[in-house]
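Below: one structure, written as structure tokens.
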Amino acid sequence: MNALTREEIEREAERLGAPERRRKREAGLPELPGDTSRVVMRFAPNPSGPLHLGHARAAVLNHEYVRRYSGRLILRIEDTDPARVYPPAYEMIPQDLSWLGVEVHQVVVQSSRLDVYREHAEQLIRMGRAYVCFCDTEHFRRLRGRGEPCEHREQSVEENLREFGRMFSELKEGEAVLRLKTGMELRDPAMRDFPIMRISEVPHPRVDARVYPLMNFSVAVDDHLLGVTHVLRGKDHIVNTRKQEFIYRFFGWEMPEFIHYGRMKIEGVRLSTSEIRRGIEAGEYSGWDDVRLGTLRALARRGFMPEAVRRAVLEAGVKQSDISFSWKVLYAHNRQLVEPVADRYFFVASPARLVVEGIESFRARVRLHPDHPERGYRELVLSGRGGRAEVFIDRRDLERLEEGQVVRLMEGFNVLLRRAGGGEGVAEFHSRELEEAKRHGARLIHWVPAGEHVEVEVLRPEGRDTGVGEAALRSVEPGRVVQFERYGFVRIDSKDEAIVACYAHP
RNA sequence: GCUCCGGUAGUGUAGCCCGGCCAAUCAUGCCGGCCUUUCGAGCCGGCGACUCGGGUUCGAAUCCCGACCGGAGCACCA
């Protein structure tokens, strides 16, 4: 029973339907450090828009670890900067997560916890570890650079408590902040008495407030209170981790384990939610799912399966070195998922008219998928008159052909090109059989019968293609991912007089 | 500038903690072939890397030092 190779065993396992054979890539993620007996992790986006590829990495990685250790995942919406809140995002983020297959066990919205931060801030003041500072940014920065304390650092606890109270009533935005007393002599200037609470008079869509915690404070308080054991985030947070350490220390709390992964450069797409938002408002983008964007909604619209996104970001892993995200890899994962299920159709992107003489009508019954006859057939119906018929072929195919050459209209018949020019061609029926085409070394090109065709527009990240598709396309319901042969995989987006498809990849 | 990280094929990744099983994994890419029909899908095969220099050691991709290169942070954003 043991004379099997690994491949044989795997094949056998597959045949028997072994349920959850762990993928290699999952196994590739390193183990989490520290105690992993009751893992609690969190995904903490700020609600400035829907999720994009960068978020997907954080969300999927956290989810994957939580799943591996049977832990819990918290979605924490970090909306403590009212200026950056985009209200619809509160709904969009959970939607995007569920599309990704990331299930969260608890949702926390920071703006609902403002009193928690206030209480903890007061506690720090009472411990003599925080003070209300009235220095303007510029002035404090200079002092900080020299390592000198400002006059407010010496205020009494009572004074600080009183001034802190005034931040909630009469003080104006920018007049005062609450600073953590970390030490002005610290080696790293960024660590010196950094602020933890501030005033913002920008109205908040969810709450009526004017004093907000700064990220490092709310994150530390929440991570502790929510029992987070492992924090997985980008390495741009390394400095924040060190800042948060002060807060843990002052409260006497135990630090969670931190893992920082490197930056992921994504070529070609715009990810910044604020920029996208401006673009949408300016009418430059059709919406958050504009196919040119790197949002998950845009990817979904183009026909990417969530699993492909998961695999691609999982593969990127948690290394601290920066990586460039490769679209090719995402394409390959998606292709692998979609290829077996995508029905095939003919679409001619830049149509050139080809008159075929010597044939008047023709009917081809073609498999929807070359490897799966059980999925059914489509029909290509050619009907001409007067001993001739017309088809559309790709202009580039026509240009590559020389007069006197034989070419096969895939799944149809072979024609001999008589003449071509001005984006049109005239050919004559040559023969029927594929063998004959091979004998002549004929190229196989796709085609669409003229007359029966449907107008098709393909939205691509870099532009749009307009062309014609075969009649059978009319009966494909929107949302389906199909392959336009010799063109690529697309998702049928909408269907009116014309069909609109969104391009995924070759 | 200061503080802190990191460097395995074109790209991503495994291996590095616990040195030998690594003439280095897997995927993608590229090249070639195959396919009763995709020069653009699929299948098969091939190509391609331990940044450099020292040191430790019988032995280093793995440990140590230095150089070089790359990155992050230095906000009353997250």
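Chain naming here is simple, since letters A, B, ... match the order of the sequence lines and numbering starts at 1 in each.
- Contacts of A:Glu411 with the nucleic acid, taken as non-hydrogen atoms under 4.0 Å apart, include base atoms.
- Closest contact between the side chain of A:Asp322 and the listed nucleotides B:C77, B:A75, B:G71 involves B:G71.
- The gap from the C1' atom of B:A23 to that of B:A9 amounts to 16 Å, rounded to the nearest Å.
- Across all strands shown, B:C26 forms a Watson-Crick or G-U wobble pair with B:G12, both key distances being under 3.5 Å.
- Look at CG on A:Asn240: it is 10 Å from P on B:G73, rounded to the nearest Å.
- At a threshold of 4.0 angstrom between heavy atoms, the contacts of A:Asp136 include nucleobase atoms, whether or not backbone atoms are also involved.
- Residue A:Thr137 is classed as a base contact, given a heavy-atom separation below 4.0 Å to a base.
- A:Arg57 places its CZ atom 11 Å from the C1' atom of B:G12, with the value rounded to the nearest Å.
- Note: A:Glu411 CD to A:His446 NE2 = 13.0 Å, rounded to the nearest 0.5 Å.
- A:Asp397 comes within 4.0 angstrom of a base, heavy atoms only.
- Of all nucleotides listed (B:U36, B:C39, B:U37), B:U37 comes nearest to the side chain of A:Met410.
- Using a 4.0 Å heavy-atom distance criterion, A:His446 is classed as making no nucleic acid contact.
- Relative to the side chain of A:Ser321, the nucleotides B:G6, B:A78, B:U11 differ in distance, and B:G6 lies closest.
- Counting any heavy atom pair closer than 4.0 Å across all strands shown, A:Gly174 reaches a base atom.
- Counting non-hydrogen atoms under 4.0 angstrom, A:Pro213 reaches the backbone sugars and phosphates but no base.
- The distance between atom OH of A:Tyr117 and atom P of B:A78, rounded to the nearest whole Å, is 11 Å.
- At a cut-off of 3.5 Å, with distance as the only test, no side-chain donor of A:Asp79 or A:Gln110 sits close to an acceptor on the other residue.
- Candidate nucleotides B:A41, B:U37, B:A78 were compared by shortest atom distance to the side chain of A:Leu214, and B:A78 ranks first.
- As judged by a 4.0 angstrom heavy-atom cut-off over every strand, A:Arg408 is placed among the base-contacting residues.
- B:C69 sits 8 Å from B:U51 when the C1' atoms are compared, rounded to a whole Å.
- Both A:Arg396 and A:Lys235 sit near RNA chain B, but only A:Arg396 has its closest nucleotide nearer the 5' end.
- Listed nucleotides B:C39, B:A41, B:C76 differ in distance to A:Glu339; the shortest reach to its side chain belongs to B:A41.
- Look at the C1' atom in both B:C31 and B:A78: the space between them is 46 Å, to the nearest Å.
- Base engagement by A:Gln483 is indicated by at least one non-hydrogen atom pair under 4.0 Å involving a base atom.
- Rounded to whole Å, the P atom of B:A27 lies 15 Å from the corresponding atom of B:A14.
- A:Pro340 comes within 4.0 angstrom of no nucleic acid atom, judged by non-hydrogen atoms across all strands.
- A cation-pi geometry, defined here as NZ or CZ lying under 6.0 Å from the six-membered ring centre and within 45° of its normal, does not hold between A:Arg76 and A:Phe43.
- Ring centroids of A:Tyr503 and A:Tyr487 are separated by less than 6.0 Å, placing the two rings close together.
- Side chain of A:Val177, nearest nucleotide from B:C76, B:U11, B:G42: B:C76.
- Between the side chain of A:Glu91 and the backbone N or O of A:Pro88 there is no donor-acceptor pair closer than 3.5 Å.
- In the interface, the side chain of A:Arg400 is paired with the base of B:C39 through a donor and an acceptor atom under 3.5 Å apart.
- No hydrogens or angles considered: nothing links the side chains of A:Ser218 and A:Arg113 as a donor-acceptor pair under 3.5 Å.
- Between A:Phe194 atom CZ and B:A78 atom C1' the separation is 15 Å, expressed in whole Å.
- When each of B:G12, B:C74, B:C77 is scored by its nearest atom to the side-chain atoms of A:Asp81, the top-ranked nucleotide is B:C77.
- Put simply, CD on A:Glu307 is 17 Å from P on B:A27, counting in whole angstrom units.
- Note: CG (A:Asn46) to C1' (B:A78) measures 5 Å, nearest angstrom.
- At whole-Å resolution of the value, CZ in A:Phe346 and P in B:G40 are 16 Å apart.
- Residue A:Pro195 is in sugar-phosphate contact alone, with no base atom involved, counting any heavy-atom pair closer than 4.0 Å across all strands shown.
- With distances taken from any side-chain atom of A:Arg242 to the nucleotides B:C76, B:U28, B:U3, the minimum falls on B:U3.
- With both ends at atom C1', the span from B:G1 to B:U62 equals 35 Å, rounded to whole Å.
- Within the 4.0 angstrom heavy-atom criterion, base atoms lie near A:Leu434.
- To the nearest angstrom, P of B:U37 lies 7 Å from NZ of A:Lys438.
- Side-chain contact check for A:Arg84 and A:Ser48: no donor-acceptor pair (N or O, by modelled atom type) lies under 3.5 Å.
- Among the protein residues, A:Ser200 comes within range of no part of the nucleic acid, since none of its heavy atoms lies under 4.0 Å from any strand.
- Checking side-chain atoms of A:Asn334 against main-chain N and O of A:Ala308 turns up no donor-acceptor pair under 3.5 Å.
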